[in-house]
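Working notes, beginning with the structure itself.
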Amino acid sequence: QVQLIESGGGLVQAGGSLRLSCAASGGIFSTYAMGWFRQAPGKERAFVAAISWTGGSRNYADSVKGRFTISRDDAKNTVYLQMNSLTQEDTALYYCAASKYGMGGSRDSEYRYWGQGTQVTVSS
């Protein structure tokens, strides 16, 4: 059983930056693809970014390409999401998810384990 705990969310002004972290425990972190998803009020959960279990492949939603960067530190069992040039449209609850030997796909059905989420609010 893998447990995921997100942190780093908060309130930021438009144009600002945040770095989200997701700490994993209970499994061999280096064997899991990790993904970030988000859910805005009144909307369905949406893919944001993912990284394969090897770290060799990264995948981004079109809406965040060039602004967000996903990375992983297997020594710390942690995946990060660096978010720059934030806009109000990025306001959402951000979840991390894990997929055993995954390639970092965009479908939430690929991910077995999910965190509780961390709130990101971008003000004007």
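Fair warning: this is a prediction, and the values are worked out from it, not measured in the lab.
For the salt bridge (charged side-chain N to carboxylate O under 4.0 Å, His left out) test, no residue two or more places apart in sequence or in another chain qualifies with Glu6. In terms of the side-chain contact (heavy atoms from CB on, under 4.5 Å) criterion, residue partners of Ser7 (sequence neighbours excluded) are, by chain and number, Ser21. Partners of Arg45 according to the salt bridge (charged side-chain N to carboxylate O under 4.0 Å, His left out) rule, which considers only residues two or more places apart in sequence or in another chain, are Asp108. The salt bridge (charged side-chain N to carboxylate O under 4.0 Å, His left out) check on Asp73 picks up nothing, with sequence neighbours excluded. For Leu11, the side-chain contact (heavy atoms from CB on, under 4.5 Å) criterion is met by Thr121, Ser123, not counting sequence neighbours. Take Thr54 and apply the side-chain contact (heavy atoms from CB on, under 4.5 Å) test, not counting sequence neighbours, and it matches Ser52. Looking at residues two or more places apart in sequence or on another chain, you find a ring pair (Phe, Tyr, Trp, His ring centres under 6.0 Å) between Phe37 and Phe47, Tyr111, Trp114. By the side-chain contact (heavy atoms from CB on, under 4.5 Å) test, Glu89 pairs with Thr87, sequence neighbours left out.
When all heavy atoms are compared, the tightest approach of Gly105 to Ala50 is O-CB, 3.9 Å. Minimum interatomic distance between Ala33 and Gly104 (heavy atoms only, all atoms of both residues): CB-N, 3.7 Å.
The hydrophobic cluster containing Leu18, built from Ile/Leu/Val/Met/Phe/Trp/Tyr side-chain heavy atoms closer than 4.5 Å, also comprises Val2, Leu4, Val12, Leu20, Phe29, Tyr32, Met34, Trp36, Val48, Ile51, Tyr60, Val64, Phe68, Ile70, Val79, Leu81, Met83, Leu86, Tyr94, Tyr113, Val120, Val122.
A disulfide (SG to SG under 2.5 Å) check over residues 10-113, counting only residues at least two apart or in different chains, returns the pairs Cys22-Cys96. Within the structure, the salt bridge (charged side-chain N to carboxylate O under 4.0 Å, His left out) test picks out the following pairs touching residues 10-39 (sequence neighbours left out): Arg38-Asp90. Listed by first then second residue, pairs satisfying salt bridge (charged side-chain N to carboxylate O under 4.0 Å, His left out) with a partner in residues 110-122 read Arg107-Glu110, not counting sequence neighbours.
Residues Ser71 and Gln82 have side chains not in contact (no heavy-atom distance under 4.5 Å, counting atoms from C-beta outward).
No more than 12 heavy atoms of other residues, nucleotides or ligands shown are found within 6.0 angstrom of CD on Gln116.
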